[in-house]
Amino acid sequence: MRRAIVVALLLVASTSLWGQDSVPPTGGGFCFRGRPKPKCSSFLITEFSTRRPLGAVPDVVDPIMDIQLGVMVNAGRRSAIGAILTTGGSESDRTTGFGVRYRRWLSHGLAGEIEGRVISVCEPSGPSSCDRARGGFAVQSALNLSDYVGASVTYQHVNAGSGTAGGYTWWSYPAMSQWSAGVKVGSYVAPVVVLGLSVLIAATW
């Protein structure tokens, strides 16, 4: 799981650093950091977030780390919509997902967001392999400040699943739902955070 996180963190960092050189000088086109029209017609999403489960959730104690990449389009001066890819999880679970995000610009820099995504959750069995996959969905609401920092609340539901072989049930999990809350960083803050975490995780192997 740690190797997968490092690879994903480096991917986001390289994408973010490339994006810094791709910001249009006069606005109105594609932007690296999200802003409403007329500054940007579309913009890139590069985010790293960490969340903690809320309430008493059995066997869930690890922090949840997510990396999100996507593109959003300003549909008007107050609204934006886009598609987001998510990867991450905790020490015990790996999560991937695809979702649709709606953003409502409350001011030039402050925005409210809601995102729905379908997810797949599994147990990592190697750097690039995963077992015992189960489907589910997640809904997240967030408050975003200039694409630099934000706070989020997430509801996630994972379906029940089981595996059988030779007439025997080798593993079985009940359906599980949980709420979590956390913070996220993006835009120019993301490269600093993800590179620092990559070094820290690699040093603890």
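As the structure is a prediction and not an experimental result, all values here were calculated from the model.
Atom-to-atom distance recorded for Ser177:OG and His157:NE2 is 5.0 Å, nearest 0.5 angstrom. Annotation: the span from Ile84 atom CD1 to Arg117 atom CZ amounts to 9.0 Å, rounded to 0.5 Å. In this structure, Ile119 CD1 and Asn159 CG are separated by 8.5 Å, a value rounded to the nearest 0.5 Å. Between Gln156 atom CD and Phe137 atom CZ the span is 9.5 Å, to the nearest 0.5 Å. Summarising the geometry, atom CZ belonging to Phe32 is positioned 12.5 Å from atom CZ belonging to Phe43; distances are rounded to the nearest 0.5 Å. Of the inter-residue distances, the one linking Leu69 atom CG with Thr46 atom OG1 reads 7.0 Å to the nearest 0.5 angstrom.
Every residue meeting the side-chain contact (heavy atoms from CB on, under 4.5 Å) condition with Ala160, not counting sequence neighbours, appears here in chain and number order: Ala175. Here Phe98 pairs with Ala83, Leu85 under the side-chain contact (heavy atoms from CB on, under 4.5 Å) rule; sequence neighbours left out.
Using a 4.5 Å heavy-atom threshold, the side chains of Gln178 and Ile64 count as touching. A 4.5 Å side-chain heavy-atom check between Gln140 and Thr86 finds every atom pair outside the cut-off.
Formation of a donor-acceptor pair under 3.5 Å by the Asp147 side chain with backbone atoms of Arg33 is not found in this model. The closest donor-acceptor contact from the side chain of Ser41 to the backbone of Gly29 lies under 3.5 Å.
No single ILVMFWY cluster, assembled from side-chain heavy atoms under 4.5 Å apart, contains both Met72 and Val149. Leu54 and Tyr155 fall within the same hydrophobic cluster, where Ile, Leu, Val, Met, Phe, Trp and Tyr residues are linked whenever their side-chain heavy atoms come under 4.5 Å apart, directly or through other members.
With side-chain heavy atoms closer than 4.5 Å counting as contact, directly or through intermediates, the hydrophobic cluster containing Val100 also holds Ile81.
For residues 64-83, the set of pairs meeting the salt bridge (Lys or Arg N to Asp or Glu O under 4.0 Å) definition, not counting sequence neighbours, comprises Arg51-Asp66. Legend: salt bridge (Lys or Arg N to Asp or Glu O under 4.0 Å) pairs involving residues 176-187, not counting sequence neighbours, sorted by first then second residue: Glu47-Lys184, Glu113-Lys184.
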Got a list of side-chain donor-acceptor pairs under 3.5 Å for residues 104-111, not counting sequence neighbours?
residue	atom	partner	partner atom	Å
Arg104	NH1	Ser79	OG	3.0
Trp105	NE1	Asn74	OD1	2.9
Ser107	OG	Leu110	N	3.1

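Taking both residues in full, the closest heavy atoms of Ala133 and Cys122 are given as CA-CB, 3.8 Å, listed atom of the first, atom of the second, then distance.
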